Amino acid sequence: MINKTYRLADGGVITASTATEFVSKLHQSSYFEQGGPDRDYMISFAERYNQMHGVVLDTSTPESFLSSLIDQHYVQLIE
């Protein structure tokens, strides 16, 4: 698989070849949650995002989660 590079709204950068790998790396870099499954992290992230921005992110799959983050301009594909 080919790696893609994403820039986060906070200035961070994640390089991943799949949406699952992206979510895992986003989770690892989190200030809020260090442990637990990536699935639980996606749901917690989406809840915080909804509280802050009033937007519902799709957490049904890592692919849909990443797509939602891109649609909301939280993540930008740079490569």
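Remember, it's a predicted structure, so these values are computed and weren't measured experimentally.
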Exercise for the section: Measure the spacing between CD1 of I43 and CG of D38 and express it to the nearest 0.5 Å. Expected result: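 Answer for the CD1-CG pair, I43 versus D38, is 11.5 Å.
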Practice task
Measure the CG-CG distance between L66 and L77 for me, rounded to the nearest 0.5 Å.
Solution key: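 Answer rounded to 0.5 Å: 8.5 Å.
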Practice task
Classify the side-chain pair S64/S67 by whether it contains a donor and acceptor separated by less than 3.5 Å.
Solution key: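 Note: S64 and S67 side chains miss the donor-acceptor criterion.
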Practice task
Determine the interplanar angle of the Y41 and H27 rings, folded into 0 to 90°, and report it as parallel if under 30°, tilted if 30 to 60°, perpendicular if over 60°.
Solution key: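 Aromatic pair Y41/H27 classed parallel.
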Practice task
Could you label the plane-to-plane angle of the Y49 and F45 rings as parallel, tilted or perpendicular, counting under 30° as parallel and over 60° as perpendicular?
Solution key: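 Parallel: the ring planes of Y49 and F45 meet at under 30°.
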pair [X]-[Y]: side-chain heavy atoms closer than 4.5 Å:
X: Y6; Y: L69; value: no
X: L26; Y: L8; value: yes
X: F65; Y: V23; value: yes

Practice task
Answer yes or no: does atom NZ of K4 have more than 12 heavy-atom neighbours from other residues, nucleotides or ligands under 6.0 Å?
Solution key: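 No, the 6.0 Å shell around NZ holds no more than 12 heavy atoms from other groups.
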Is [X] reaching over with its side chain to a backbone N or O of [Y], donor-acceptor style, under 3.5 angstrom?
X: Q72; Y: S68; result: no
X: S44; Y: D40; result: yes
X: R39; Y: T59; result: yes

Practice task
Give the cluster check for I70 versus V13: same hydrophobic cluster or not, with ILVMFWY residues linked at side-chain heavy-atom distances below 4.5 Å.
Solution key: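 Looking at the clustering, V13 is in a separate group from I70.
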Practice task
Check T5 against T15 and note the closest heavy-atom contact, atom names and distance.
Solution key: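 Shortest heavy-atom contact: OG1-OG1, 3.3 Å.
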